[in-house]
Amino acid sequence: MSNVFSLFEKRIRNAVQSLEIEGISSQLISRITVEPPRDPAHGHLATNAAMVLAKPAKMNPRVIADQLVAIISADSDVASVDIAGPGFINLRLTDGFWAQHLTDIVSSGTRFGAASAGSKSKVNVEYVSANPTGPMHVGHCRGAVVGDALANLLAFAGHDVTREYYINDAGGQIDVLAKSVFLRYREALGQAIGAIPEGLYPGDYLVPLGEKIAQTHGDSLLAMDEAQWLPLIKEAAIDAMMDLIRSDLAALGVRHDVFFSERSLHAGGAENSLISKAIARLTDMGLVYKGTLPPPKGTKPEDWEDREQMLFRSTDVGDDMDRALMKSNGDFTYFAADVGYFQDKFDRGFSEMIFVLGADHGGYVKRMEALGRAISDGASKVTIRLCQLVKLFRDGEPVKMSKRSGEFITLREVVDEVGRDAVRFMMLYRKNDAPLDFDFAKVTEQSKDNPVFYVQYAHARCHSIFRQAANDMPDMPQGQDAWAGADMSLLSDEGETALARKMAEYPRIIEAAAAAHEPHRVAFYLYELASQLHAQWNRGRDYPALRFINQENAPSTLARLALVSAVSNILASGLGIIGADAPEEMR
RNA sequence: GGUCCCGUAGCUCAGCAGGAUAGAGCGUCGGAUUCCUAAUCCGAAGGCCACUGGUUCGAAUCCAGUCGGGAUCACCA
């Protein structure tokens with residue numbers, strides 16, 4: 001058990017059970033928590049056990065606490081116990097326990113905090129899923145990073161994670177793309193195309209594709225009807241755009257295991273497509289009917305008209321209104337494709353399906369949750385994380401973008417300018433449901449304004465210490481084996497023990513962040529850990545006896561290097577989850 | 001009008017499935033480099049946690065409502 005808090009949570013719950021107080025249910029016992037106290041003066045661990053039990057047991061919390069203290073203080077790992085405030089029980093653990101725990105952390109290397117092998121649940125994380133109509137722009141950045149880091153986090157926390165990208169390659173925007181490419185193709189053949197008409201994609205990034213098609217097909221497409229060239233160009237355009245997107249994502253360090261094509265859901269026609277089969281299932285469940293939808297409340301669209309359509313009775317499964325499955329022309333709606341898609345995901349055995357979406361998809365959440373409930377009958381959980389907007393600033397001035405003119409900032413430009421690590425860290429240095437201001441100047445600045453450099457520097461500093469030690473004390477063994485054998489009980493300075501306790505929180509942070517789907521917690525934790533390392537380093541300035549390297553005292557130096565290695569490993573591990581490098585030196 | 005998110009220090013934000021005296025960075029003021037990287041550290045000042053009720057031993061946190069700010073709202077994708 002590498003999580004100190006859950007270890008003692010278990011012990012205290014056992015102690016509570018052994019008290020055999022009447023009226024104590026197991027559900028009540030699950031409310032007992034063990035956490036680090038806010039104020040370090042209160043000890044190492046604090047539990048609310050007595051306060052949770054007091055009322056149901058009709059006892060004074062102090063009385064319960066006294067009984068618990070009698071049991072807990074018999075624990076050989078516990079140095080002292082006291083009761084404080086309204087009934088908190090505060091524990092201090094023995095030096096021997098902490099020394100052993102530090103050794104455990106050191107020996108675990110960068111796997112410290114990772115879930116030990118157990119039943120891995122299959123989780124699907126879908127993120128990015130940008131339309132394949134052009135390069136990624138900054139707006140996609142946040143979701144990409146949050147999704148990728150969340151996937152990293154869940155994998156580290158012991159889940160079997162599939163990273164998925166849903167390619168919206170079936171809709172009308174793909175026809176628009178193909179027509180835009182066709183124009184570029186004609187341009188490549190020397191035809192004058194003039195200004196790009198309204199409604200088509202004006203971006204230059206389609207020029208090379210037009211040229212490529214001109215090379216492979218010559219002018220043969222010019223003689224065809226649109227119905228003939230459209231599928232040809234569509235195919236090539238989707239491939240080219242996905243290549244573009246994949247390379248943009250690679251620049252951000254984002255990767256996916258599965259690229260799922262929306263078009264593949266339509267394949268097979270009205271009888272055999274995944275969509276029709278999934279809808280047939282919903283129909284069997286009585287969740288599909290023909291009817292008309294009421295107009296939205298409040299705003300009444302001027303062009304409102306009643307139309308009878310095939311509808312999904314999503315109100316039966318928690319939605320606010322029923323949803324259209326089929327357009328009046330007989331085509332499936334976008335949502336109908338989702339029905340097939342959700343069915344496919346469910347059939348692949350995921351116990352949780354997570355979607356990381358932009359805030360503009362807020363209105364889509366309920367129907368997705370409803371769909372998940374209908375299809376899996378509660379067996380698979382649908383979780384949606386919305387990322388709020390990112391506002392771009394340059395030197396305090398908002399950066400204006402216009403989609404119409406094609407003047408948008410691409411993801412690639414941002415990565416090129418500020419670097420992958422900074423982009424990723426900044427996107428995670430905020431909880432995802434809060435808007436985010438992103439200032440180019442600040443993010444590029446290599447200063448304390450910039451948490452990325454702060455954390456990376458702490459990691460580099462650890463390695464600088466190792467280099468210095470190797471230089472000053474060449475006989476000093478280094479490496480995980482040597483450090484795991486260090487006598488950690490030699491670490492008695494309060495800064496050192498505080499560092500040890502901070503590190504002990506890492507598994508707890510990972511667990512909680514994974515459960516809440518909040519990767520930003522890891523970023524904040526890393527900042528705090530880095531801060532404590534920097535502080536301890538500087539204490540060595542004021543008190544030379546506290547320096548990590550002491551040539552007069554090899555055993556102490558070895559223990560301190562082991563401590564530093566543990567910090568270094570956690571920083572590297574956390575930066576790995578965030579998707580940023582952990583450099584060994586920064587110059 | 002419906003739905004969702006946000007409202008915490010001058011500014012930008014944390015606050016861990018309710019817990020003890022609400023935290024950090026920036027900014028302001030005052031300090032620390034013969035020293036393992038000062039890209040760092042230490043200290044001070046600064047808060048009616050939007051407002052009003054409710055739930056309970058206990059609320060920034062949960063619930064209801066109010067007021068602000070943002071997103072979204074029938075065949076689009």
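Fair warning: this is a prediction, and the values are worked out from it, not measured in the lab. Lettering follows sequence order; numbering is per chain, from 1.
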In whole Å, what separates the [atom1] atom of [N] from that of [M]?
| N | M | atom1 | value |
| --- | --- | --- | --- |
| B/rA9 | B/rG23 | C1' | 10 Å |
| B/rC11 | B/rA38 | C1' | 25 Å |
| B/rA39 | B/rU33 | C1' | 14 Å |
| B/rG58 | B/rA14 | C1' | 22 Å |
| B/rC6 | B/rG65 | P | 16 Å |
| B/rG47 | B/rA24 | C1' | 14 Å |
| B/rG46 | B/rG2 | P | 43 Å |
| B/rU28 | B/rA64 | P | 43 Å |

All side-chain hydrogen bond (donor to acceptor under 3.5 Å, both in side chains) counterparts of [X], not counting sequence neighbours:
| X | answer |
| --- | --- |
| A/Lys502 | A/Glu528 |
| A/Ser273 | A/Ser276 |
| A/Glu352 | A/Thr383, A/His517 |
| A/Gln67 | none |

Using a cut-off of less than 4.0 Å, is there contact between a side-chain N or O of [X] and OP1 or OP2 of [N]?
| X | N | value |
| --- | --- | --- |
| A/Lys391 | B/rG70 | no |
| A/Lys366 | B/rU3 | no |
| A/Arg62 | B/rC57 | no |

> Do the rings of A/His137 and A/His140 sit parallel, tilted or perpendicular, given the 30° and 60° boundaries?
Replying inline: tilted

> Under 30°, 30 to 60°, or over 60°: which ring-plane class applies to A/His459 and A/His463, parallel, tilted or perpendicular?
Replying inline: tilted

>> Determine whether the aromatic ring of A/Tyr454 stacks with the base of B/rA39, defined as ring centroids separated by less than 5.5 Å and ring planes inclined by less than 30°.
In response: no

>> Strictly by side chain to side chain donor-acceptor pair (under 3.5 Å), give each pair with a member in residues 36-50 of chain A just once, sequence neighbours left out.
In response: A/Thr33-A/Asn48, A/His44-A/Trp98

>> Can you pull out every side chain to side chain donor-acceptor pair (under 3.5 Å) where at least one residue sits in residues 430-441 of chain A? Sequence neighbours excluded, please.
In response: A/Arg385-A/Asn432

>> So, using salt bridge (Lys or Arg N to Asp or Glu O under 4.0 Å) as the criterion, who are the partners of A/Arg539 when residues are at least two apart?
In response: A/Asp493

> Does a side-chain N-to-carboxylate-O contact under 4.0 Å join A/Arg501 and A/Glu505?
Replying inline: no

> Does A/Lys366 come within less than 4.0 Å of A/Asp319, counting only side-chain N to carboxylate O?
Replying inline: no

Indicate, with a heavy-atom threshold strictly under 4.0 Å, whether [X] touches base, sugar-phosphate, or nothing.
| X | result |
| --- | --- |
| A/Asn550 | nothing |
| A/Glu585 | base |
| A/Ala84 | base |
| A/Arg307 | base |
| A/Tyr364 | base |

>> Would A/Arg560 pass as a cation-pi partner of A/Phe548, given that its NZ or CZ must be under 6.0 Å from the six-membered ring centre and within 45 degrees of the axis?
In response: no

> Would a 4.5 Å heavy-atom cut-off, applied to side chains only, mark A/Lys327 and A/Phe332 as touching?
Replying inline: no

> Can you give one letter per nucleotide of nucleotides 9-18 of chain B, going 5' to 3': B for a protein heavy atom under 4.0 Å from the base, S for sugar-phosphate only, - for none?
Replying inline: ---SSSSB--

> Is the CD atom of A/Glu552 crowded by more than 12 outside heavy atoms at less than 6.0 Å?
Replying inline: no

>> Need the glycosidic conformation of B/rU33: syn if within 90° of 0, anti if not. Which one?
In response: syn

>> Taking donor-acceptor contacts at under 3.5 Å, does the side chain of A/Asp306 reach the base of B/rA74?
In response: no

>> Pairs counted only when both distances fall under 3.5 Å, Watson-Crick or G-U: show me the 5' to 3' dot-bracket for RNA chain B, [ ] for pseudoknotted crossings and | for other-strand partners.
In response: (((((((..((((.....[...)))).(((((.......))))).....(((((..]....))))))))))))....

> Looking at residues 333-340 of chain A, who's got a heavy atom less than 4.0 Å off RNA chain B?
Replying inline: A/Thr333, A/Tyr334

Side-chain donor-acceptor pairs under 3.5 Å in residues 80-88 of chain A, sequence neighbours left out?
none

Give me the distances for all protein-to-nucleotides 46-50 of chain B N/O pairs that come in under 3.5 Å?
none

> The side chain of A/Arg541 lies closest to which of these nucleotides: B/rA38, B/rG19, B/rA77?
Replying inline: B/rA38

>> Please pick, from B/rG19, B/rA71, B/rA38, the nucleotide with the shortest atom-to-atom distance to any side-chain atom of A/Leu389.
In response: B/rA71

